[in-house]
Amino acid sequence: MTPLQIALSLFPTTNRPTIRHATAVVAIAAGLLPGTCPGKDLDLAHAASTRPGVAARDSGSVGPTPPAFLYVVYCSGTVDKLDLAQPAKVASFQLSDRSGTPAAVAAAPSPGARPDSCLARPVPAARAAGSPGQHAVQVVASAQFYRGNDDGKKAYRLLTFSLPDWALQQQADLGRFDVLNGAPPRMVPGPRTGQWVPRAPEAEPDATAEIAGYAGGQGIAFARPTQWSGNVSLVEFAAADKPQAQPRAGAGFADRATRRFVRLAAVADAVNGPLRLAPGGLFAMREVQRPDQATALPDKASAAEAALPRGTGELRIYRTADGQPVATVVDARVAGPWHCIAITPTGWAVYTDRKGAYRFVALGRTFGNEPVEDSETDDLDGTRPGLVYSAH
């Protein structure tokens, strides 16, 4: 079986995704429990999306009505509520204060303390157990701030919160997991109803052979889908311009509906910055990065620091159907140490400084309803938080 067939076989027929060839994010959990620290975790079973036309849901799934709010859930258990109409941050709270007594989500033992692995991560609605519905969200969480000294494990539970008040409604044990490497295993449905088991470790699948069967998919190697939404996957690969040339990194878009692969148009005037799909998969955004143009370089260390590429605030929008740029947006407010955490269906690129502040860049268009999922694990630095869209 191909990686795509394996992925599709893990979903009921009525729930199968419309694109996921050899899936590799949001990062958003595969099953229930995502990885928690910097790194990547490919997951063939991870690719599931809500079909267009269904009602708006939480935990990352978005229906035809644009979501009014975005809850940003950090590994530390902090939740920030963003009003997408203003747009602005309108509230912030700790899940430890909303998760009962004793708290089902650990509180920091002292100001500024950091957990050694993720404390909380929302579950995509498409994977949520028991269909929590439009007014609830499920979160995989731990009441242990630090792993156990004896076995290096943490206990995790599946928590169900009501929205918009984030009041704890239910909780269920998931078990204890080895987090010595900072990344507890992701969870997948077990053989019994309501059972969840750790997903077995697996190597990153190489989608080269499968994409070679797509129009335009020849001449690449080490193809790895890293993000997906709707019928489109963002694919990283290596390719050589000539038979004996050194392979170079590239990116492109694979559309399963049309079985077509297109490469991202080359950019000669900028250092390649982060590239991400927009919801629906019809567009992608690249952050343009260039070396810091510092003038005062007192020593070699400063010179090396200045040579690192940095965000310029220039954002280029690409059409995934042909890989060509269609628009450029420049906003100097997000240049430098700002991190894009989301592109919303309503057309905002949402940035954070990882200290609780946000900036919103209007991209000049709206996007589709299907959430973007990816192969990235969580991190403790606040650059890849969990996302919960909601009408409330």
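Because the structure is predicted, anything quoted here is derived from the model rather than measured. Residue numbers count from 1 along this sequence.
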Student: A side-chain contact here means heavy atoms from C-beta on lying under 4.5 Å apart; do V73 and L387 qualify?
Tutor: no

Student: Can you check whether L264 reaches F253 side chain to side chain, under 4.5 Å on heavy atoms?
Tutor: yes

Student: What's the shortest heavy-atom distance between G100 and L168, and which atoms?
Tutor: N-CD2, 4.3 Å

Student: Under a 3.5 Å distance rule, please check whether Q86 uses its side chain to pair with a backbone N or O of L84 as donor and acceptor.
Tutor: no

Student: Under a single-linkage definition using a 4.5 Å side-chain heavy-atom cutoff for Ile, Leu, Val, Met, Phe, Trp and Tyr, are I317 and V334 assigned to the same hydrophobic cluster?
Tutor: yes

Student: For the CZ atom of F145 and the CG atom of L119, what is their distance to the nearest 0.5 Å?
Tutor: 6.0 Å

Student: Could you walk me through whether I220 and I211 pass side-chain contact (heavy atoms from CB on, under 4.5 Å), step by step?
Tutor: CA-CA 9 Å; I220 66 174; I211 293 178; 4.0 Å; yes

Student: If I compare all heavy atoms of G382 with all of R354, which pair ends up nearest, and what's the gap?
Tutor: O-CG, 3.9 Å

Student: Using only heavy-atom distances, determine whether the side chains of R157 and Q171 contain a donor-acceptor pair under 3.5 Å.
Tutor: yes

Student: If you measure from OG1 on T312 to CD on Q289, what distance do you get to the nearest 0.5 Å?
Tutor: 8.0 Å

Student: Could K154 and F177 be counted as a cation-pi pair, given that NZ or CZ must be under 6.0 Å from the ring centre and within 45° of the axis?
Tutor: no

Student: Determine yes or no for a side-chain-to-main-chain donor-acceptor pair under 3.5 angstrom, with K89 supplying the side chain and G356 the backbone.
Tutor: yes

Student: Counting only N and O atoms by type, is there a donor-acceptor contact under 3.5 Å from the side chain of S229 to the main-chain atoms of E370?
Tutor: yes

Student: Which pair of heavy atoms, one from T208 and one from A221, lies closest together, and at what distance?
Tutor: OG1-C, 3.6 Å

Student: For A143 versus A103, what's the shortest heavy-atom pair and its separation?
Tutor: CB-O, 3.6 Å

Student: Using a 3.5 Å distance criterion without hydrogens, assess whether the side chain of D173 forms a donor-acceptor pair with backbone atoms of G175.
Tutor: no

Student: Under the criterion side-chain contact (heavy atoms from CB on, under 4.5 Å), I'd like the reasoning laid out for V72 against V79: C-alpha separation, chi angles, the key distance, then a yes or no.
Tutor: CA-CA 5 Å; V72 184; V79 178; over 6 Å; no

Student: Check the hydrophobic clustering (I, L, V, M, F, W, Y; side-chain heavy atoms under 4.5 Å; chains of links allowed) and say if V262 and L277 are grouped together.
Tutor: yes

Student: How long is the span from the OG1 atom in T160 to the CD atom in Q169, to the nearest 0.5 Å?
Tutor: 8.0 Å

Student: Keeping T352 on the side-chain end and Y358 on the backbone end, is there a donor-acceptor pair under 3.5 Å?
Tutor: no

Student: Would you please test F69 and L82 for side-chain contact (heavy atoms from CB on, under 4.5 Å) and show each step?
Tutor: CA-CA 6 Å; F69 298 96; L82 310 183; over 6 Å; no

Student: Which one of V326, I343, L363 satisfies the side chain to side chain contact (heavy atoms under 4.5 Å, CB included) criterion with F283?
Tutor: V326

Student: Which heavy atom of T320 sits nearest a heavy atom of G281, and at what distance?
Tutor: OG1-O, 2.7 Å

Student: Charged N to carboxylate O below 4.0 Å: is that the case for D331 and R333?
Tutor: yes

Student: How are the rings of F237 and F261 set to each other: parallel, tilted or perpendicular (split at 30° and 60°)?
Tutor: perpendicular

Student: Has R286 got a side-chain atom pairing as donor or acceptor with G273's backbone, closer than 3.5 angstrom?
Tutor: yes

Student: Applying side-chain hydrogen bond (donor to acceptor under 3.5 Å, both in side chains) as the test, list every pair that has at least one member in residues 96-105; sequence neighbours left out.
Tutor: none

Student: Classify the angle between the aromatic ring planes of F360 and W348 as parallel (below 30°), tilted (30 to 60°) or perpendicular (above 60°).
Tutor: perpendicular

Student: Indicate yes or no for a side-chain donor-acceptor contact from D353 to the backbone of A357 under 3.5 Å, with no hydrogens or angles considered.
Tutor: yes

Student: Quick check: does any side chain N or O of T366 sit under 3.5 Å from a backbone N or O of P345, one acting as donor and the other as acceptor?
Tutor: no

Student: Answer with yes or no whether the hydrophobic clustering places V232 together with F367; edges join I, L, V, M, F, W, Y residues whose side-chain heavy atoms lie under 4.5 Å apart.
Tutor: no

Student: Let me confirm one number: the OH-CZ distance from Y351 to R359, rounded to the nearest 0.5 Å.
Tutor: 12.0 Å

Student: Do L315 and V350 belong together in a cluster built from hydrophobic side chains that touch within less than 4.5 Å?
Tutor: no

Student: So, E314 side chain and V288 main chain: donor-acceptor pair closer than 3.5 Å or not?
Tutor: no

Student: Are side-chain heavy atoms of Q227 and E373 found at a separation under 4.5 Å?
Tutor: no

Student: Kindly work out whether a path of hydrophobic side-chain contacts (I/L/V/M/F/W/Y, heavy atoms less than 4.5 Å apart) joins W338 to L275.
Tutor: no

Student: Answer whether the closest heavy-atom distance between the side chains of Y146 and P109 falls below 4.5 Å.
Tutor: yes

Student: Are R316 and E287 close enough for a salt bridge, meaning some N to O gap below 4.0 Å?
Tutor: no

Student: D80 versus Y71: any side-chain heavy-atom pair under 4.5 Å?
Tutor: no

Student: Rounded to the nearest 0.5 Å, how far does CZ of R276 lie from OG1 of T226?
Tutor: 10.5 Å

Student: Please determine whether a side-chain nitrogen of the Lys or Arg among D255 and R260 lies less than 4.0 Å from a carboxylate oxygen of the Asp or Glu.
Tutor: no

Student: Using every non-hydrogen atom in the two residues, find where A239 and R263 come nearest and quote the distance to one decimal.
Tutor: CB-NH1, 3.9 Å

Student: Show the numbers, then the answer: is there a side-chain contact (heavy atoms from CB on, under 4.5 Å) between Y389 and T344?
Tutor: CA-CA 9 Å; Y389 287 101; T344 72; 3.8 Å; yes

Student: NZ/K81 to OG/S390 distance, rounded to the nearest 0.5 angstrom?
Tutor: 7.5 Å

Student: Does the side chain of I341 come within less than 4.5 Å of T383's, by heavy atoms?
Tutor: no

Student: Which residues pass the ring pair (Phe, Tyr, Trp, His ring centres under 6.0 Å) test with F93, not counting sequence neighbours?
Tutor: W166

Student: Can you establish whether the number of heavy atoms outside Q144 located under 6.0 Å from its atom CD is more than 12?
Tutor: yes

